[in-house]
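Computation of the quantities below employed the complete heavy-atom set of this structure, encompassing side-chain atoms and omitting hydrogens, waters and symmetry-equivalent molecules. First listed ligand is number 1; within each ligand, the first listed atom is number 1.
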Amino acid sequence: MDMFVVRGGKPLKGQVRVSGAKNAALPIMAASLMADGPITLHDVPDLVDVRTLSQLLGTLGVISERQADNALRLEVIDDSPVVADYELVRRMRASICVLGPLLTRRGRATVSLPGGCNIGDRPIDLHLKGLKALGADIRIEHGYVIATARKLKGARVFLGGSFGSTVTGTCNVMAAAALADGVTTIESAACEPEVADYGQLLNAMGAKIEGLGTPFLRIEGVESLAGAEHHVIPDRIEAATLLIAGAITHGEVSVENVCIDHLSAVLDKLNDVGVRIRIAEDPGGSDRSTLHVLPSEKLTPTECSALPYPGLPTDVQAQFMALLSRADGISVVTDKVFPDRFMHVAELVRLGASIHREGQSAIINGTEKLHGACVMACDLRASAALVLAAMAADGESVIRRIYHLDRGYEQLENRLNSLGADIRRMNDCEENVPVSLRLPQSIENSSSLTTSGHVEGAARLEDLRQIRVDSAETLAPLQSPAASKAKQEPAS
Ligand code: EPZ
């Protein structure tokens with residue numbers, strides 16, 4: 001397993017290009033299940049999640065072929081498989097995006113329930129409610145959703161939930177409605193740019209969808225969907241992460257290939273924090289701009305709430321928290337999409353941040369100085385926040401479990417290093433932990449157990465540990481090494 005060793009304290013400087021959006025590419029790849037011809041997608045980032053979905057689609061009769069310039073060609077060669085197996089789905093929640101396309105195109109879908117997630121509760125009740133409204137028969141058995149329908153029928157669907165609408169749920173119901181009989185209207189549809197991009201692809205395949213990017217969608221079902229070619233939108237979450245990388249290191253960074261319309265809430269909040277950004281629109285008139293982060297000495301505290309689009313994305317909440325940990329005063333961060341998405345707080349505190357939870361919020365008492373430490377990533381965006389904080393911290397840091405990062409960022413350390421960061425990917429073992437982060441012998445000795453009572457205590461402790469290890473070992477044979485490794489953290 002890999003880890004990062006980061007030497008912090010360097011202001012970043014230079015230019016970097018944003019990749020295609022993971023959260024657009026994944027549902028869009030799943031839509032290929034509905035096409036009566038090849039789908040060619042451009043700007044599909046080379047990510048672990050993209051590879052996992054290609055594997056899953058492979059088990060569902062779709063061949064995916066990587067082509068030059070991050071293009072991906074997908075073609076159905078066998079339209080009989082309908083089972084999305086737990087072994088693949090548990091690695092990546094976005095696998096649920098095969099549910100709608102399978103059901104509407106093949107009349108049946110057996111898809112593993114995604115299971116638990118570190119960022120909070122993530123039910124799929126709205127997905128199922130929408131598909132049932134279109135006439136699907138749905139039951140849950142042995143951890144699988146079993147959905148059947150000879151022919152779906154257009155209907156009125158309300159997709160609003162306690163935390164707003166659902167991004168992948170809107171995609172699933174939109175897909176199902178695209179090949180249904182008659183007209184479907186979706187109210188309280190998700191408005192995220194990734195959902196609109198998904199709809200653009202379906203329309204390019206021959207679907208009839210109106211209202212994309214708004215909470216009200218009208219879908220007139222069609223008989224079949226053809227192959228198509230599509231350029232995936234740039235990744236607004238990656239763009240925000242790179243902008244914050246420049247700001248948190250008081251650096252000067254230019255981020256290219258950005259759709260500024262997708263980043264209004266992020267740019268607004270960065271402005272509140274005092275981050276100076278100059279926007280250079282494409283002289284060629286395309287919707288892609290370059291954003292220049294200018295050095296900003298003082299960061300101003302603020303309050304921010306993660307909300308459904310067009311609000312501040314929950315997927316940049318952790319990165320903003322890292323930035324605000326260096327602001328000059330008290331900030332408050334609340335997440336109204338995933339109220340418990342705060343696993344990164346304790347790790348940022350290890351890097352010297354002063355943060356505590358209060359209900360759905362985190363209270364951040366900004367400090368000028370962060371310092372290096374060993375930390376552990378617990379989900380994709382939390383790991384990005386730890387990289388940002390470690391780059392701003394004095395000294396060296398170790399970030400473990402960076403496999404989370406590889407799921408959603410394409411070679412992030414190489415691009416940050418091209419801006420002057422010092423991030424080394426190394427095998428996660430004791431020898432590779434920098435001396436500066438090893439417990440100095442003096443502390444080790446002063447804290448070791450010397451008195452007789454302590455020695456007895458230690459022996460007892462050792463016995464207890466051995467018992468625990470023994471009982472764990474008796475349990476272990478049930479899981480294959482791969483399974484136990486994968487079981488470490490559920491997919492986000
Ligand atoms: C998408 O997840 C993204 N993933 C997430 O990004 C992102 O955090 C999330 O949208 C919110 O923006 C992909 O696009 C692959 P939701 P999704 O259904 O679709 C509740 C990342 O870091 N809800 O919009 O699974 C749910 O619990 C990932 O890239 C229900 O109650 O999220 C949550 O509180 C992490 N019932 C809220 O709605 C449902 O049936 C939004 O969830 C569905 C969702």
Of the choices T168, N172, T314, which has the non-hydrogen atom that lies closest to atom 19 (O) of ligand 1?
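Nearest heavy atom to atom 19 (O) of ligand 1 lies in T168.
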Can you give me the closest heavy-atom contact between P81 and R106, atom names plus distance?
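Taking P81 first and R106 second, the nearest heavy atoms are O-NH1, 2.7 Å.
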Interfacing atoms of ligand 1 (cut-off 4.0 Å, heavy-atom, [X]):
{"X": "L380", "result": "22 (O), 29 (O)"}
{"X": "S165", "result": "24 (O), 41 (C)"}
{"X": "R341", "result": "8 (O), 22 (O), 35 (C)"}
{"X": "D121", "result": "27 (O)"}
{"X": "I119", "result": "35 (C)"}
{"X": "V167", "result": "1 (C), 10 (O), 16 (P), 18 (O), 19 (O), 24 (O)"}
{"X": "I124", "result": "39 (C), 40 (O)"}
{"X": "D315", "result": "5 (C), 6 (O), 7 (C), 8 (O), 21 (C), 22 (O), 28 (C), 29 (O), 35 (C)"}

[X] contact mode with ligand 1 (heavy-atom cut-off under 4.0 Å):
{"X": "L126", "value": "both"}
{"X": "K336", "value": "neither"}
{"X": "D125", "value": "both"}
{"X": "K129", "value": "neither"}
{"X": "Y309", "value": "neither"}
{"X": "I96", "value": "neither"}

May I ask you to say whether [X] pairs ionically with [Y], meaning some side-chain N is under 4.0 Å from a carboxylate O?
{"X": "D2", "Y": "R424", "value": "no"}
{"X": "R73", "Y": "E75", "value": "yes"}
{"X": "R341", "Y": "D315", "value": "yes"}
{"X": "D43", "Y": "R17", "value": "yes"}
{"X": "R51", "Y": "D46", "value": "yes"}
{"X": "R401", "Y": "D406", "value": "no"}

Between ligand 1 and R381, is the shortest N or O to N or O distance under 3.5 Å?
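Yes, R381 has an N/O under 3.5 Å of an N/O on ligand 1.
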I'd like to know if P123 contacts ligand 1, where contact means a heavy-atom distance under 4.0 Å to any ligand atom.
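The answer is yes: ligand 1 sits under 4.0 Å from a heavy atom of P123.
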Could a heavy atom of R93 be found less than 4.0 Å from some atom of ligand 1?
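No, R93 has no heavy atoms under 4.0 Å from ligand 1.
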For L113 and I124, run side-chain contact (heavy atoms from CB on, under 4.5 Å): C-alpha distance rounded to whole Å, both residues' side-chain angles, the deciding distance at 0.1 Å, then the answer.
CA-CA 8 Å; L113 283 168; I124 59 163; 3.6 Å; yes
Hey, mind stepping through K153 and D181 against salt bridge (Lys or Arg N to Asp or Glu O under 4.0 Å) and telling me if it holds?
CA-CA 5 Å; K153 202 165 171 349; D181 266 348; over 6 Å; no
By side-chain hydrogen bond (donor to acceptor under 3.5 Å, both in side chains) - contacts of Q411 (at least two apart)
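In terms of side-chain hydrogen bond (donor to acceptor under 3.5 Å, both in side chains), with neighbours along the sequence ignored, Q411 is linked to N414.
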In Å and rounded to the nearest 0.5 Å, what is the SG to CD distance from C304 to Q317?
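One finds 7.5 Å between SG of C304 and CD of Q317.
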